[in-house]
Protein chains: 2
Amino acid sequence: MASIRDLAKELKLSPATVSRALNNNPLVAAEVRQRVLNAANKLQYVPTIGRRETMNIAFAYAGDRSIGSPFDAALMEGLTDRMEAGGFDLLILDVKRAVHPRETFSHMFRRKGIRGAVLRTTTAAKDLCIQIAEEGFPCVVVGESFDRDGISFVRSDSLNSSRDAVHHLIDLKHEKIAIVVNQVDDSDHLDRIAGYQEAMTTRGLKVDDRLIFRIPAKREGGIQLIRRLAAMPDRPTALFFADPLPAIGAMMEAQNIGWHIPRDLSIIGFDDAELRFMVNPTMTAICQDARELGRMAFESLTLLFSQKGRELQNSAVRRTLPTQLECHGSTGPVCS
Amino acid sequence: MASIRDLAKELKLSPATVSRALNNNPLVAAEVRQRVLNAANKLQYVPTIGRRETMNIAFAYAGDRSIGSPFDAALMEGLTDRMEAGGFDLLILDVKRAVHPRETFSHMFRRKGIRGAVLRTTTAAKDLCIQIAEEGFPCVVVGESFDRDGISFVRSDSLNSSRDAVHHLIDLKHEKIAIVVNQVDDSDHLDRIAGYQEAMTTRGLKVDDRLIFRIPAKREGGIQLIRRLAAMPDRPTALFFADPLPAIGAMMEAQNIGWHIPRDLSIIGFDDAELRFMVNPTMTAICQDARELGRMAFESLTLLFSQKGRELQNSAVRRTLPTQLECHGSTGPVCS
DNA sequence: AGTTGGTGCTGGAACAGTTTCGCTAACTGT
DNA sequence: ACAGTTAGCGAAACTGTTCCAGCACCAACT
């Protein structure tokens, strides 16, 4: 509701200077700019075009991540699905690159007329998301969960499906079951490990730390893992992958060195898209609905808009979507 | 350079009415709106925020296509790569959904403050791109070529690589070589067929119409093709696919029914992303650099901006990127 | 020492687009 | 025939941005 002229009056400045400060114009003194930004934050300033409030939503990448995965594409599809009805437009940007030097993130978002952001991040850049949320800017993180209060996120719960996946392997008489997870942890992956451990212990199988493999979440990681396994004296008979690409790489490499899947090795992977159908045999996998996740992210954001207006400062929106285990051709009974 | 007040003066209307007309406000009479739009087109009206020209670029989907393919994602990556330096922002939208009833496309783009559009389309919606270009709105189509003047596009030339691919198969002593293309034609696919025919005839092989297969460009299309082939008395020994997904599907299904690749069947596919590494054996494929294509699209668009300013109305920007044949494991010598 | 020129920063004013409010004219129901 | 309603338009108010002028300060030159 506050306009640039309101800010100017409050700060005893001219509208021109306030506008310059908000647009990161170098002509304005650093101390003045800081005061303007503080006031803008305090008075909940929202930029307008003419007399109409801006209606942009950002799909923002935090950290080194870049656009590219099918998961992101499906996410965007879900986002645009809900947005266009509400008259919003979707802006794609990389927060690290879009932000000017000495500019806060919320500052950058406002400069671009963005009302709220859907954040996509890596574990390494989680603190960046926290920073944005702590600046008070409406944002929803997708695919990460956070312990602390005040930060909203939308994620898919893979705990139950992970448990299902391991139960499925145990039903097939597997006993030496390994889990393969990304080198860097995030909450989603911790869930998957927890599901694995839960299933193993409830079915009377020992959880061996040497059966928890850490690899980079790329195709190459899966390839390397198989080469390591080939040298092991009593290697596991089934692998449960917490990421899509290593699972694919492992299937390939296993077949390359002459193993038959699923006779010599059962594999369960993860799938954001349709990768499970692109390998031979088709891959048993835990699937998440990225499109629905995108829809949920947008709806959480709009909820945040209205809540922010109602001064519910510290309440965050948290939604979880279940995942499903899909059984295909890469799992079979253990062959003794 | 023309402002809303200029338009108002020209049309003997108030600025308020002109603004309403441009924003598709239903309160304005249809006849008046039409006059305003015509004048806006004639006077090259460009919307501004305050006194600054808007700096948005649209990545627009024309027709039924939706965001999702890795190709699109890489394209966007290339686009944002070049854009952020110039201070542009990228807006994602579906033109068919974003346009209001009784609104032209250039009208819709202007309403959203968009200066130029990178269009992604299907062959079925080519006329839609032509329409946008004919409205005089700066746009560049990616992945399609057009015969008529005045429409800019950026594409990758697959003629040479297609010829290379078929030569490669002939070098491996294949003679019954089939080409598999999408049911609906576009210029890119016509190129691929031309390359196929060229290679066949220069090497003294007859081009048999029954070796040109038309299928839907999906995984399922490749699967169905293999089932058809299995019933043929003297089936081809090598397949050249003009699309990525059917090639993958065909590789899968061929192995399903017990054929060995490449011993029983050689396959060359297309690849926008990294799909060729996700199958076993890895797929020999023609690869295009979608990211570079995105960069080129943006640069063509900026060129168009400056040219439009210089009144070079009918000149279109046309750029072509070469593709490369990458030999992997899905092709081998013919086995008699 | 006084003057001159440059530079960093700010404000006034002009200008861009949008919306609110009010007015007019035509239409509609009784 | 008349009151009420509604479509359509314009004046004015308001929002954000930039151009131009000005002020203060500093450095340097004569």
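In what follows, every chain begins at residue 1, and chains take the letters A, B, ... in the order their sequences are listed.
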To the nearest Å, how far apart are [X] [atom1] and [N] [atom2]?
{"X": "A:L43", "N": "D:dT15", "atom1": "CG", "atom2": "P", "answer": "13 Å"}
{"X": "A:I49", "N": "D:dT18", "atom1": "CD1", "atom2": "P", "answer": "13 Å"}
{"X": "B:R110", "N": "C:dG17", "atom1": "CZ", "atom2": "P", "answer": "12 Å"}
{"X": "B:M55", "N": "D:dT18", "atom1": "CE", "atom2": "P", "answer": "11 Å"}
{"X": "B:E53", "N": "C:dC15", "atom1": "CD", "atom2": "C1'", "answer": "14 Å"}
{"X": "A:L7", "N": "D:dT15", "atom1": "CG", "atom2": "P", "answer": "11 Å"}
{"X": "A:I4", "N": "C:dT10", "atom1": "CD1", "atom2": "C1'", "answer": "15 Å"}
{"X": "B:K9", "N": "C:dG17", "atom1": "NZ", "atom2": "P", "answer": "13 Å"}

May I ask you to evaluate whether [X] reaches the phosphate of [N], defined as a side-chain N or O under 4.0 Å from OP1 or OP2?
{"X": "B:N23", "N": "C:dG17", "answer": "no"}
{"X": "B:T17", "N": "D:dC9", "answer": "no"}
{"X": "B:Y45", "N": "C:dG17", "answer": "yes"}

(message) Working to the nearest 0.5 angstrom, can you tell me the gap between B:T80 OG1 and B:I57 CD1?
(response)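 Reported to 0.5 Å precision, the distance equals 11.5 Å.
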(request) For B:K12 and for A:G50, find the nucleotide of DNA chain D with the closest heavy atom, then tell me which residue's nucleotide is more 5'. (result)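 On the 5' side of the pair lies B:K12.
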(request) On DNA chain D, check which nucleotide each of B:A16 and B:R52 is closest to and give me the residue with the more 5' one. (result)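 Mapping each residue to its closest nucleotide by heavy atoms, the 5'-most match is B:A16.
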Using a 4.0 Å heavy-atom cut-off across all strands, classify [X] as base, sugar-phosphate, or nothing.
{"X": "B:L22", "answer": "nothing"}
{"X": "B:V28", "answer": "sugar-phosphate"}
{"X": "A:V32", "answer": "sugar-phosphate"}

(message) Using a 6.0 Å distance limit plus a 45 degree cone around the ring axis, check whether A:K126 lies over the aromatic ring of A:F146.
(response)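 Positive - A:K126 is close enough to the ring of A:F146 and near enough to its axis.
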(message) Against the six-membered ring of A:F305, is A:R115 placed for a cation-pi contact (under 6.0 Å from the centre, within 45° of the normal)?
(response)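 Pair A:R115/A:F305 counts as cation-pi.
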(message) What verdict does the side-chain contact (heavy atoms from CB on, under 4.5 Å) test give for B:R20 and B:V32, after you've listed the backbone C-alpha separation in whole Å, the side-chain angles of each residue and the deciding distance to 0.1 Å?
(response) CA-CA 10 Å; B:R20 277 190 280 258; B:V32 173; over 6 Å; no
What nucleotide among [options] has an atom nearest to a side-chain atom of [X]?
{"X": "A:R5", "options": "C:dA14, C:dT18, D:dG10", "answer": "C:dA14"}
{"X": "B:T48", "options": "C:dA16, D:dG10, D:dT17", "answer": "C:dA16"}
{"X": "B:S19", "options": "C:dT19, C:dT10, D:dG10", "answer": "C:dT19"}

(message) So, under a plain 3.5 Å distance rule, would you say the side chain of B:R20 forms a donor-acceptor pair with the base of D:dG10?
(response)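 Indeed, a donor on one side and an acceptor on the other fall under 3.5 Å apart.
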(message) Between B:D272 and B:Q288, is there a side-chain donor-acceptor contact under 3.5 Å, judged purely by atom types and distance?
(response)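 Indeed, the side chains of B:Q288 and B:D272 share at least one donor-acceptor pair under 3.5 Å.
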(message) Set out, in order, the CA-CA distance, both residues' side-chain angles and the distance that settles salt bridge (Lys or Arg N to Asp or Glu O under 4.0 Å) for A:E10 and A:R5, then state yes or no.
(response) CA-CA 8 Å; A:E10 171 94 4; A:R5 281 172 175 82; over 6 Å; no
(message) Both B:R51 and A:L27 contact DNA chain C. Taking the nearest nucleotide for each, which residue is further toward the 5' end?
(response)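 Of the two residues, A:L27 wins.
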